[in-house]
Amino acid sequence: MSTFQTLPGFRDFYPEDFARRHHVFRLWRQSASAFGFSEYDAPVLESLELYKAKSGDEIEAQLFSFTDKGGRDVALRPEMTPTVCRMVGARANALKRPIRWFSIAEFYRYERMQKGRGRCFSQLNADIFGEPGPEAEIELIALLVQCLCAFGLREEDFFVRLSDRNLWYYYLEALGLDESRTRAVLAAIDKYEKSGDAAFDGYAEKFGPLEAGLKEKILGFLQIKSLPAIEHAVAALGVDRLAARLADWRKLIDGLGAMGLSRFVEVDLGVVRGLAYYTGFVFEAFDRKGELRALAGGGRYDDLVAKLGGPALPAVGFAIGDMTFSLLLEQRGLMPTLVFAPDVYCVIGGVPERQAAFGDIHALRAGGFRVDYPLKEVAFGKQFKTAAESGAKLALIYGSDELARGVVKVRDLEQRTEMDVPRADLIATVRDFFSAG
RNA sequence: GCGAUCAUAGCUCAGUUGGUUAGAGCACCAGAUUGUGGAUCUGGGGGUCGCGGGUUCGAGUCCCGUUGGUCGCCCCA
């Protein structure tokens, strides 16, 4: 038991853990790139004010924050959204539209550990700035789906729940609720799935019990699971804004359908997401079995860039966290066991053979091949065993006999065949072997 | 912040009503094995039994505290 260990909630990434994480990052990056998103990064440490400005003073309890030696209040980033808003806001007028950015970064939150949640984790963040219409949501939801499908997950493994805070605002307004009551109702809706009727306790404390007819309408709206049902519920109200909103819904649903993604997306007005800053469509991805916490979440936040000091700039974004996602991949057997196999393992006879081998080893490595060899003199038999265990495809045998004849014995470790290759041809031979595949 | 539960080797775990010097499998290292394969056999390293205190002639075992892990509540950007 060593004296020092990781801080609570933090993780070491031993090579096999690192390989798994890298695999996840690699496919996320590939997916985002395929969608035309540009990658960015930013400091891990930001001004504490940035997060307070977005989320309120209470957020500090959830942050790793401190005062630096210059007296500045700072915090480790708990999320990317404020940072990316700051960055885009600063250059908004110079950036080509649409602004499509993504990042893969590590975040820190001072919270209790739980399944799929730690104090440090990574997220893919993808955002589109400058596009007010649902075309941006189409792109982002499609990217979200692709980021999961890239690993072999299918519609029986996960789905995206789609909702709309604007629809709720307009609907509740049409029902006669003022803004503060609307907020309280949305908070109740957010909790309703978990807490049932108790979700409305908070509302009742502030405003008294919700009138029965009103509550019935709200619960009915909450349980809507399709666009036609929304259209039906809204038509009766005859509100222009609601009708216009439905046009956006139609565009979004049709666009996702045309991409062949309908099977992944479910309309579900029970999702509102707790975050106050969302302004329109919101969506969350879950595993179908419902065993894990949310895999990903996102939505539109048209006011945030301006709120953080930038110009008015509409925005939509989502994030996928690595912890819950990796759990799902492992549950479904989709997390590959990655081995660090060299391409070539060298079996070396003695001191003069080693001198010869070193030249080839370095040339092969410079040529991009992964080459390993025993650092110290080891019996031949043991070297072959090591070569086989290493997972290398080829063994290069440097013995006194081969050295005398100016050749290297190249052994195909899978086929168990071998041939003598003149040393001058070695690199070409190895290259041919691997390009033939 | 609250609650439940757990903690013995790198990993998975045994460890009797409290009783000699704390064990096994896997993994790692070495030998058998001086030119050909993931085997086998033999040996080796590796433990303050999470930490601290208490009870006892004696504690891995019982009690209290504490730290950490796991899971849940609150929260979840």
Side-chain angles (χ1 to χ4, degrees), chain A residues 1-12 14-16 46 50-56 58-63 75-85 107-119 121 123 125 127 187 190-191 194-195 198 202 272-278 282 284 291-299 301 304 308 317-319 321 323-324 327 339 341 345-351 353 376-403 409-418:
Chain A
M1 197 64 61
S2 56
T3 309
F4 297 109
Q5 39 187 303
T6 56
L7 263 14
F10 285 75
R11 302 173 285 172
D12 285 326
Y14 283 83
E16 59 273 25
E46 290 266 16
L50 179 64
Y51 303 113
K52 285 186 173 177
K54 183 205 163 212
S55 307
E58 319 76 48
I59 194 67
E60 191 171 354
Q62 312 285 327
L63 298 177
L76 290 174
R77 63 185 174 199
E79 56 165 328
M80 195 54 111
T81 307
T83 297
V84 72
C85 287
F107 300 95
Y108 306 86
R109 296 178 184 177
Y110 199 87
E111 295 187 287
R112 279 297 272 190
M113 290 281 288
Q114 238 173 98
K115 188 172 190 172
R117 192 167 84 172
R119 288 182 169 183
F121 56 92
Q123 284 185 343
N125 275 259
D127 297 271
D190 195 33
K191 288 185 182 164
K194 198 171 210 174
S195 313
V272 294
R273 291 180 63 75
L275 320 331
Y277 67 91
Y278 281 125
V282 290
E284 290 188 316
E291 292 171 346
L292 303 170
R293 58 177 57 243
L295 292 161
Y301 50 99
L304 193 57
L308 295 177
F318 73 86
M323 294 183 75
T324 300
L327 281 173
V339 277
Y345 193 91
C346 298
V347 174
I348 301 169
V351 173
E353 292 86 352
K376 291 177 179 167
E377 288 206 33
V378 178
F380 257 88
K382 184 140 289 187
Q383 292 191 56
F384 279 106
K385 188 171 170 178
T386 306
E389 286 175 345
S390 76
K393 298 281 188 297
L394 290 183
L396 304 185
I397 301 159
Y398 291 84
S400 54
D401 175 52
E402 286 81 4
L403 194 60
K409 192 163 278 178
V410 177
R411 180 173 176 85
D412 183 328
L413 288 165
E414 283 171 0
Q415 304 299 316
R416 300 185 176 229
T417 57
E418 47 190 43

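Since the model is a prediction, treat every value here as computed from it, not as a measurement. Just so we're on the same page: letters track the sequence lines, and every chain starts at 1.
Regarding A:Glu291, its CD atom lies at a distance of 12 Å from the P atom of B:G72, rounded to whole Å. The distance between atom CZ of A:Phe121 and atom C1' of B:C75, rounded to the nearest whole Å, is 13 Å. To the nearest angstrom, C1' of B:G35 lies 14 Å from CG of A:Leu403. Going from atom CD of A:Gln62 over to atom P of B:G1 covers 11 Å, rounded to whole Å. Taking atom CE of residue A:Met323 and atom P of nucleotide B:G69, one finds them 11 Å apart after rounding to whole Å. Atom CZ of A:Arg293 and atom C1' of B:G72 are 10 Å apart (whole Å). The CG atom of A:Asp190 sits 8 Å away from the P atom of B:C76 (whole-angstrom rounding). Here B:C76 presents its P atom at 19 Å from OH of A:Tyr110, a figure rounded to the nearest Å.
Under the 3.5 Å distance criterion, the side-chain polar atoms of A:Arg109 are matched with a main-chain donor or acceptor of A:Pro78. A:Glu353 places a side-chain N or O within donor-acceptor distance of the main-chain N or O of A:Gly350, the cut-off being under 3.5 Å.
Between the C1' atoms of B:G47 and B:A7, the separation comes to 14 Å (whole Å). Rounded to whole Å, the P atom of B:C75 lies 34 Å from the corresponding atom of B:C13. On the P atoms, B:C74 is 42 Å away from B:U17, given to the nearest whole Å. Straight-line distance between the C1' atoms of B:C49 and B:U33: roughly 39 Å, to the nearest whole Å. Using atom P as the reference point in both B:A30 and B:G38, the two lie 16 Å apart (nearest Å). Straight-line distance between the C1' atoms of B:U55 and B:A9: roughly 29 Å, to the nearest whole Å. Straight-line distance between the C1' atoms of B:G65 and B:C71: roughly 23 Å, to the nearest whole Å. Rounded to whole Å, the C1' atom of B:C64 lies 24 Å from the corresponding atom of B:G1.
Nucleotides of RNA chain B nearest to A:Arg273 and A:Asp401 differ in position, and the one nearer the 5' end is that of A:Asp401.
The base of B:C75 lies close enough to the side chain of A:Arg117 for a donor and an acceptor atom to sit less than 3.5 Å apart. Counting atom types as modelled, A:Glu414 pairs no side-chain N or O with a base atom of B:G37 as donor and acceptor under 3.5 Å. Under 3.5 Å, the side chain of A:Arg112 and the base of B:C75 form no donor-acceptor pair of N or O atoms. Judged by distance alone, with hydrogens and angles left aside, A:Arg411 brings a side-chain donor or acceptor within reach of the base of B:G37, the pair sitting under 3.5 Å. Side-chain N/O atoms of A:Glu418 and base N/O atoms of B:U36 include a donor-acceptor pair closer than 3.5 Å.
Listed nucleotides: B:U36, B:G69, B:G72. Nearest to the side chain of A:Pro8: B:G69. Between B:G31, B:C76, B:G72, one nucleotide has an atom nearer to the side chain of A:Arg109 than all others, and that is B:C76.
Ring-to-base geometry does not place A:Phe384 in a stacked arrangement with B:G37 (centre distance under 5.5 Å, plane angle under 30° required).
When side chains are defined from C-beta on, A:Gln5 does not count as touching A:Asp12, because their heavy atoms never get closer than 4.5 Å. At least one side-chain heavy atom of A:Glu79 sits under 4.5 Å from a side-chain heavy atom of A:Ser55. Using a 4.5 Å cut-off on side-chain heavy atoms (C-beta onward), A:Thr386 and A:Val378 make no contact.
A salt bridge is absent between A:Arg77 and A:Glu46: the closest approach of a Lys/Arg side-chain nitrogen to an acidic carboxylate oxygen does not fall below 4.0 angstrom.
Across all strands shown, A:Thr386 has no heavy atoms under 4.0 Å from either base or sugar-phosphate atoms. Residue A:Tyr51 is classed as having no contact, given no heavy-atom separation below 4.0 Å to the nucleic acid. Base engagement by A:Glu402 is indicated by at least one non-hydrogen atom pair under 4.0 Å involving a base atom. Across all strands, A:Gly9 comes closer than 4.0 Å only to sugar-phosphate atoms, never to a base (heavy-atom distances). Among the heavy atoms of the strands lying under 4.0 Å from A:Glu111 is at least one base atom, whether or not backbone atoms are also near.
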Practice task
Dump the intermediate steps for side chain to side chain contact (heavy atoms under 4.5 Å, CB included) on A:Tyr108 and A:Arg119, then the final yes or no.
Solution key: CA-CA 5 Å; A:Tyr108 306 86; A:Arg119 288 182 169 183; over 6 Å; no

Exercise for the section: Please step through side chain to side chain contact (heavy atoms under 4.5 Å, CB included) for the pair A:Lys52 and A:Glu60, ending with a clear verdict. Expected result: CA-CA 7 Å; A:Lys52 285 186 173 177; A:Glu60 191 171 354; 3.2 Å; yes

Practice task
Tell me, with the steps shown, if A:Tyr51 and A:Thr83 meet side chain to side chain contact (heavy atoms under 4.5 Å, CB included).
Solution key: CA-CA 9 Å; A:Tyr51 303 113; A:Thr83 297; 3.9 Å; yes

Handout entry: Verdict with supporting geometry, A:Tyr301 and A:Asp127, side chain to side chain contact (heavy atoms under 4.5 Å, CB included)
Key = CA-CA 10 Å; A:Tyr301 50 99; A:Asp127 297 271; 2.4 Å; yes

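Consecutive Watson-Crick or G-U pairs involving RNA chain B, each under 3.5 Å on both distances, make up stems of three or more pairs at B:1-7 with B:67-73, B:10-13 with B:23-26, B:28-32 with B:40-44, B:50-54 with B:62-66.
Within the 4.0 Å cut-off from OP1 or OP2 of B:A32, not a single side-chain nitrogen or oxygen of A:Lys382 is found. The phosphate of B:C73 (OP1 or OP2) has a side-chain N or O of A:Lys194 nearer than 4.0 angstrom. Put simply, A:Gln114 has a side-chain N or O that comes within less than 4.0 Å of OP1 or OP2 on B:C73. In this structure, A:Lys409 does not reach the B:U36 phosphate: none of its side-chain N or O atoms is under 4.0 Å from OP1 or OP2.
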For nucleotides 38-41 of chain B, print each protein N/O atom paired with a nucleotide N/O atom at under 3.5 Å, atom names and distance only.
residue, atom, partner, partner atom, Å
B:G38, N1, A:Ala388, O, 3.4
B:G38, N2, A:Glu389, O, 3.1

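A:Lys393 NZ: 12 or fewer foreign heavy atoms inside a 6.0 Å radius. Remark: A:Phe380 CZ is packed, more than 12 non-hydrogen atoms of other residues, nucleotides or ligands lying under 6.0 Å away.
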